[in-house]
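Working notes, beginning with the structure itself.
Please read these numbers as outputs of a predicted model, since none were measured by experiment. Below, read A as the first sequence line, B as the second, and so on, with proteins coming before strands; counting in each chain starts at 1.
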Protein chains: 2
Amino acid sequence: MTDDPKSGGATDLTHENDKPRTRIQKVNRKKILDAALEVFSAQGFRGATLDQIAAEAGLSKPNVLYYFPSKEAIHAALLAGLLDIWLAPLRAMDPQGEPRDEIMSYMRRKLEMSREMPRESRLFANEVLQGAPRIGDGLSTDLKALVDDKAAVIRDWIAQGKLAPVDPHHLIFSIWALTQHYADFDVQVRAVLGPDTDPFDGAGKFLDMLFTRLLTP
Amino acid sequence: MTDDPKSGGATDLTHENDKPRTRIQKVNRKKILDAALEVFSAQGFRGATLDQIAAEAGLSKPNVLYYFPSKEAIHAALLAGLLDIWLAPLRAMDPQGEPRDEIMSYMRRKLEMSREMPRESRLFANEVLQGAPRIGDGLSTDLKALVDDKAAVIRDWIAQGKLAPVDPHHLIFSIWALTQHYADFDVQVRAVLGPDTDPFDGAGKFLDMLFTRLLTP
DNA sequence: GTCTATATTACGATAGAC
DNA sequence: GTCTATCGTAATATAGAC
């Protein structure tokens with residue numbers, strides 16, 4: 001890995017720029033957060049142990065706690081940026097754009113995130129499924145505000161006859177449900193399809209057809 | 001929520017008739033399983049504690065372990081019947097019936113289960129989300145067999161021009177995803193819709209429209 | 001910064017009185 | 001059948017040497 005302080009891919013939840021850090025601090029924090037994402041997303045918060053995270057990160061347990069004050073803090077650091085990353089594609093929906101293109105693009109981008117970032121999806125699913133104890137406020141403030149905003153946009157589009165009349169909120173829920181399902185229920189989907197079928201290939205075609213039919217006036 | 005020993009209808013996972021038991025055994029086993037469903041579905045297996053289950057059941061912890069040999073055994077008892085209950089509506093899909101009616105009825109019954117049995121839905125979601133460590137085999141055997149069977153039925157219907165051409169497996173996945181979302185992500189849905197809107201009313205209308213449009217040739 | 005050793009609690013499960 | 005008391009373990013977190 002080359003020096004590259006400004007780097008940070010799509011999956012970067014590390015907030016490495018929040019505070020000044022030495023190089024080794026950045027590297028180790030990143031190792032820990034990646035390991036924690038692996039373990040928390042697969043086991044949930046309570047199911048995960050610091051031993052597992054330390055092993056996955058290739059560090060000793062006390063060393064992990066040298067970089068983060070507690071298990072809770074590691075989890076919080078992961079969740080902190082997640083909602084923003086998760087909602088970026090919805091935020092990008094352009095009121096000036098062509099309605100069906102905008103919605104189809106959103107859906108496709110969301111499905112792509114399920115394929116590329118299944119651990120993040122499952123981390124989020126674990127949190128919400130258990131009542132969102134550590135992210136709950138963000139749902140009824142930030143999330144609700146954004147969704148209400150975009151729902152109003154969709155409502156306008158419908159009023160202008162550019163979309164079939166559908167409930168905007170439930171339209172958005174349906175995109176979440178259908179795309180995240182392929183990340184969150186991955187084992188079930190693969191168990192049903194068998195080992196030789198890629199779930200996302202079929203999902204892409206199916207969801208294209210579904211939303212085309214749903215949205216065409 | 002924990003009392004009411006005489007109740008017990010659609011949600012009965014207790015298998016009370018498996019072995020002969022005295023009346024008090026039946027009552028207490030049922031209390032424990034209901035409490036365990038409450039706690040496991042909200043916290044996941046590892047997040048749940050016997051203390052919580054015992055408190056919810058109104059029994060002491062050792063008394064809980066008098067009726068079940070271990071925490072694991074309580075969880076297993078809950079999961080044992082769950083897959084069957086969960087798939088009963090799909091099993092009921094009739095190859096002789098009118099295709100769109102059959103699929104619409106399946107979807108509606110599944111949405112109704114999300115409304116009436118959200119805890120069971122979340123218990124299942126927790127299990128699958130974490131890789132189905134305790135139910136995995138059932139997915140690639142029983143579940144796959146049933147879904148493949150019904151997928152063949154749907155394929156026939158399509159070949160006869162009675163349905164729009166859609167991938168049968170992904171059609172079934174879409175029903176699961178869209179209906180279970182309202183149980184599994186309940187807190188999120190309610191946070192977005194606000195306290196005065198019933199998610200399931202809107203969901204029923206929306207999903208009726210969605211699947212009607214999808215399935216009409 | 002990193003480690004070994006350890007303090008401390010929480011939890012699953014058992015013993016044994018009643 | 002039910003309870004109090006308790007054992008043993010595993011998990012979070014800290015102390016302190018290097």
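The side chain of Asn63(B) contributes an N or O atom lying less than 4.0 Å from OP1 or OP2 of dC3(D). The phosphate of dG1(D) (OP1 or OP2) has a side-chain N or O of Thr22(B) nearer than 4.0 angstrom. Listed pair Ser60(A) / dC3(C) meets the phosphate criterion, a side-chain N or O lying under 4.0 Å from OP1 or OP2. Taking 4.0 angstrom as the limit, Tyr67(A) places a side-chain polar atom (N or O) nearer than this to OP1 or OP2 of dT2(C). Taking only side-chain nitrogens and oxygens, Arg46(A) never comes nearer than 4.0 Å to OP1 or OP2 of dA10(C).
Residue Leu50(B) is in sugar-phosphate contact alone, with no base atom involved, counting any heavy-atom pair closer than 4.0 Å across all strands shown. Among the protein residues, Ala54(A) comes within range of no part of the nucleic acid, since none of its heavy atoms lies under 4.0 Å from any strand. Within 4.0 Å (heavy atoms only), Ala73(A) reaches no atom of the nucleic acid at all.
By the 4.5 Å heavy-atom criterion applied to side chains, Phe173(B) and Pro199(A) are not counted as neighbours.
Stacking of Arg115(B) on the aromatic ring of Tyr182(B) is not recorded, the 6.0 Å distance cut-off and the 45° axial limit not both being met. Within the cation-pi definition used here (under 6.0 Å to the ring centroid, within 45° of the axis), Lys71(A) qualifies as a partner of Phe45(A).
Checked by atom type and distance alone, the side chain of Gln52(B) pairs as donor or acceptor with a backbone atom of Thr49(B) at under 3.5 Å.
For Pro62(A), taking side-chain heavy atoms from C-beta onward, the closest of the listed nucleotides dT4(D), dG1(D), dA15(D) is dA15(D).
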